[in-house]
Structures are given as C-alpha cells and as structure tokens.
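This report refers to the structure that appears directly beneath it.
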Amino acid sequence: MPLAHSQPLDSTSVLAWYDRHARDLPWRVSPADRRQGIRPDPYRVWLSEVMLQQTTVAAVKAYFVRFTTLWPSVQDLAATPLDNVLREWAGLGYYARARNLHACARAVVAEHGGVFPDSAAGLQNLPGIGAYTSAAIAAICFDERVAVLDGNLDRVLARYYALDVPVREAKDALRGALQLAVPERAGDFAQAMMDLGATICAPRAAMCLVCPLHDGCKAREQGEPTRYPVKPVKAERPVRKGHAFVMRDAAGDVYLQSRPGKGLLASMTEVPTSDLGEKLGEPDFPAEGDWRRHGQVIHVFTHFRLELEVWSALVAPDGLDAGWWAPPGALKGEALPTLFRKVLAEAGLS
DNA sequence: AAGCCGGGGCG
DNA sequence: CGCCCAGGCTT
C-alpha cells in the first residue's frame, strides 16, 4: 500500500515549532535543557511511556508523580512487592501493564545491572515494551533515529497523506515514510510529533493554520482533515450481565478477594460476583444472609458492556477464607479497579 | 491477523 | 450517551 505521495515530512519545521511550543510534562526534558546536554532519565521515560499506553496525559500525571515519589529508581521499583504496584496502579486500567512493569523492572535489575538497554532492539525484549515503547525510549533517551509511531502519529500521518484505508492496513508504509523524516534530534522530533497530534492535529479538530506541516498536508489541501484517519468497521459491543455481592461482618468489615492472575482485571481486588452471561441468572449468594438488593452498576469495557446487580448482606464469616476482611476506611488503599469501586459505592460504601 | 484488555474526557 | 484515545500480549 504505497502512499499517494506528497512532499516528505518537514522535520525542520516541526522542530522549530517544538522549540517554541513544547508541552511541559513531569517526565520530559525541555528542548532548551537538552541543548544544554541534560539527558532524560530512562527510568522515568520508560515509566511514563508505559503509563501512557492507551491512556491520556491528564490521567497519567498524578500516577507518574506518585510512582516516582514512592520509587525514584528502577531498583526501588524492582525491590517492592507486586501487590504494592497493583495498588498504586488501581484506576489506571489495562492492569497487565502493571504486572509487566514490575517484571520489566526486575529484569532490568537482574539482567542488565539496573541500566536500561540503549537501543530500541534491546529494549523490545523486555516485558511490556513493544514496537512503540521501545522506539519512544530509544529516541527520547538516546536520540536513536527510529520512527516512533503511536496512535497520535497514526492520525497526523493519515491526514498528511490523506490515507484512504484504515491505519492498521498501512502501518508499514506510514512507518517507512516517518523513518525517512527522522532527523538528528530524534528524541525532540518524536516528542514534537506527539505534541503536534495532541494539540494541533487533534482527533476532533485540526488547527491547520498554525500547523508546521501545513504545506505538505493532503488532508488540509482537501479541506476536511478530520475525515482522516478512516475508521475500520467496528463490531458491536455485546452485553454481559451478572450479580455482585458485598458482604459485611459484624464488625462492619467488607469481604474482598483477588481476581485470577490472567484475563479481565487480572490480579486486582474484587468483591465476589456471579458468573456473567448474556441473560441475568438467579443470584447464587456466596453466604447465608439477609440479602438486600441495591441498584445496577453499568461499566463499559473496550470489548463488552457489563451490567452488575449489586447486593449486600450482613453475613457470618464461616467458610469465607479465600479472601480477607477490610474495614471500610481501608478500601481506598486496596487494588480495586473502578468497576468495583462503583459496586461498593452502590452498596453505600466509600 | 484478530481478539483481548480500562478508564476518562469530550462533544 | 457515543466516540475517541501516548499499545502489548496472546492465540
């Protein structure tokens, strides 16, 4: 799938724009500081890039500050138990990232002496570091001249070339075109292109008049840049239904347990639930009690919509030994995903 | 190559 | 409320 060609990307214009308009982010070294020879810390760049996978800057900032305060170095992160990492990751989503983050920290310490590999090829062997993240770290930290292609760049390039097929079908062509444009300041260029996608060439609006890629952009020339990228036909989102059971003991503590290490919300904390299905079954209460029905919690995942009926009861703790009892004041510190925080709120807790 | 895996913000 | 998003892993 060759790109209907226009002129090559003008990296000089992009860098000049970035020198004036770079965003100030907690993990970033400004272009001015980079010129002074200040280099980014690979640990901080790696941590930020993993957090930013499918996640917005606004959502990441507070988590990044918290993580780097608790664990200032990769050695600190590697030394902490996985449970601590999962607790701090709660609410950020895509929880496999947290497990891979921890595994990666331990691999860097155990196999690389606590020093991150200095090339995209070396980085990509580590857990949770794929094509995008390896390229981003290598470019930002070491100015390796690799194409850093994420969802932001997909959009910018799809517009620049007026790509008339879904990005997924032309990924290699886009990467090749981008690779040809990567300048010596590879790290600044990568960050510049992402800033461009976040502020100028945004998903629902394109401020073409102030864009450094204005001149060569096919979508701008056509007059309707937000027509790109072309979206693939999307499958409908199925609905799954079930029950959630909030149990309290005589002391008022809440029964919690860990989810399986694989699959949905892996290794995170939950209250017991029924099996999920297309149709709502009868509640299979996990203990005897005066079960009271609350409202419904609706939670939308990427690939299905979940509807949970929330129940609560005062129960005797006999037989409930797979999990643990948590006082309501301790719920905040548990590794509870947003779904189960909604469930607890529906039952009148937190 | 396609499916699985969260959550928040925006219009 | 629908749509969008700073990807990687598994099968």
Side-chain angles (χ1 to χ4, degrees), chain A residues 22-23 25-28 44-64 86 89-101 103-104 120 123-137 139-140 147-158 166-172 175 187 190-199 201-206 226 228-238 240 259-268 270 297-306 335-342:
Chain A
R23 286 180 293 174
L25 302 171
W27 47 85
R28 176 173 286 178
R44 293 167 62 85
V45 171
W46 161 70
L47 178 61
S48 70
E49 289 300 339
V50 173
M51 287 182 166
L52 286 163
Q53 290 167 7
Q54 303 295 98
T55 310
T56 57
V57 166
V60 162
K61 275 185 180 172
Y63 283 85
F64 178 83
L86 294 177
W89 198 274
L92 201 51
Y94 285 115
Y95 297 99
R97 291 186 296 171
R99 299 175 59 83
N100 286 331
L101 185 85
C104 183
L123 288 159
Q124 194 161 351
N125 293 326
L126 292 163
I129 299 184
Y132 163 74
T133 306
S134 59
I137 298 171
I140 294 170
V148 181
L149 190 55
D150 70 342
N152 245 322
L153 274 284
D154 286 347
R155 179 178 58 260
V156 174
L157 296 178
V167 167
R168 194 137 181 156
E169 297 177 26
K171 199 85 174 177
D172 291 341
R175 181 173 286 106
Q191 296 175 96
M193 291 296 288
M194 290 188 265
D195 279 18
L196 192 61
T199 62
C201 198
R204 295 171 209 274
T226 52
Y228 303 96
V230 176
K231 294 302 171 193
V233 287
K234 53 187 178 297
E236 65 199 78
R237 218 193 296 270
R240 296 170 71 184
R259 293 182 56 81
K262 289 189 169 188
L264 187 71
L265 304 173
S267 302
M268 300 300 287
E270 66 171 3
V297 163
I298 296 174
H299 194 76
V300 181
F301 294 94
T302 307
H303 51 301
F304 68 96
R305 168 191 173 94
L306 178 58
L336 286 161
T338 298
L339 165 63
F340 291 105
R341 294 194 184 273
K342 286 190 203 171

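Per chain, numbering begins at 1; letters A, B, ... match sequence-line order.
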#### Entry: Nearest to side-chain heavy atoms of A/Pro203, which nucleotide of C/dG7, C/dC4, B/dG7
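Given the options C/dG7, C/dC4, B/dG7, the side chain of A/Pro203 is closest to C/dC4.
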### Task
Could you tell me whether the side chain of A/Arg204 has a donor or acceptor atom within less than 3.5 Å of a complementary atom in the base of C/dC3?
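Indeed there is one.
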### Query
With a 3.5 Å cut-off and just heavy-atom distances, do the side chain of A/Thr302 and the base of B/dG6 make a donor-acceptor pair?
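Counting by modelled atom types and ignoring angles, a donor-acceptor contact under 3.5 Å is found here.
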Whole-Å gap separating [atom2] ([N]) and [atom1] ([X]):
X: A/Trp89; N: B/dC5; atom1: CH2; atom2: C1'; result: 13 Å
X: A/Phe301; N: C/dC5; atom1: CZ; atom2: P; result: 21 Å
X: A/Arg305; N: B/dG7; atom1: CZ; atom2: P; result: 16 Å
X: A/Leu123; N: C/dG8; atom1: CG; atom2: P; result: 12 Å
X: A/Leu306; N: B/dG6; atom1: CG; atom2: P; result: 12 Å
X: A/Gln54; N: B/dG8; atom1: CD; atom2: C1'; result: 13 Å
X: A/Tyr95; N: C/dG7; atom1: OH; atom2: P; result: 17 Å
X: A/Arg341; N: B/dG7; atom1: CZ; atom2: P; result: 10 Å

Looking at [X], I'd like to know whether one of its side-chain N or O atoms comes within less than 4.0 Å of OP1 or OP2 on [N].
X: A/Thr56; N: B/dG7; value: no
X: A/His303; N: B/dC4; value: no
X: A/Gln53; N: C/dG7; value: no
X: A/Tyr94; N: C/dC9; value: no
X: A/Lys262; N: C/dT11; value: no
X: A/His299; N: B/dG6; value: no

### Rounded P spacing from C/dC9 to B/dG8 in Å
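These two P atoms come out 24 Å apart once rounded.
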### Query
When you compare C/dT10 with B/dG7, how far apart are their C1' atoms, in angstrom units rounded to a whole number?
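Taking atom C1' in both C/dT10 and B/dG7, they lie 22 Å apart.
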Just call it for [X]: base, sugar-phosphate, or nothing, with non-hydrogen atoms closer than 4.0 Å on any strand.
X: A/Ala131; answer: sugar-phosphate
X: A/Gly197; answer: nothing
X: A/Lys171; answer: nothing
X: A/Arg155; answer: sugar-phosphate
X: A/Leu153; answer: nothing
X: A/Leu25; answer: base
X: A/Thr55; answer: base

### Nearest-nucleotide 5' precedence on DNA chain C, A/Ser48 against A/Ile129
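On the 5' side of the pair lies A/Ser48.
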#### Entry: From CG (A/Leu101) to CG (A/Leu86), nearest 0.5 Å
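A/Leu101 atom CG to A/Leu86 atom CG measures 10.0 Å (nearest 0.5 Å).
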### Query
Between the main-chain N or O of A/Leu92 and the side-chain N or O of A/Arg97, is there a donor-acceptor pair closer than 3.5 Å?
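Judged by distance alone, yes, a pair lies under 3.5 Å.
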### Task
Can you see which heavy atom on A/Phe301 is nearest to which on A/Arg237, and at what distance?
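For A/Phe301 and A/Arg237, the tightest heavy-atom pair comes out as O-NH1, 2.8 Å.
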### Query
Of A/Leu264 and A/Lys342, whose nearest nucleotide on DNA chain B comes first from the 5' end?
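Going by which nucleotide is closer to the 5' end, it is A/Leu264.
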### Query
Hey, does A/Gln191 have a side-chain heavy atom less than 4.5 Å from the side chain of A/Leu25?
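Not touching, per the 4.5 Å side-chain cut-off.
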#### Entry: Pairwise side-chain contact, A/Leu265 with A/Phe340, heavy-atom cut-off 4.5 Å (strictly under)
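Touching, per the 4.5 Å side-chain cut-off.
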### Query
Should the pair A/Arg168-A/Asp154 be classified as a salt bridge under the 4.0 Å nitrogen-to-oxygen rule?
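Judged by the 4.0 Å cut-off on N to carboxylate O distance, A/Arg168 and A/Asp154 do not form a salt bridge.
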#### Entry: Positive for side-chain contact (heavy atoms from CB on, under 4.5 Å) with A/Tyr132, one of A/Leu149, A/Val148, A/Leu153, A/Ile137
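Answer after filtering A/Leu149, A/Val148, A/Leu153, A/Ile137: A/Val148.
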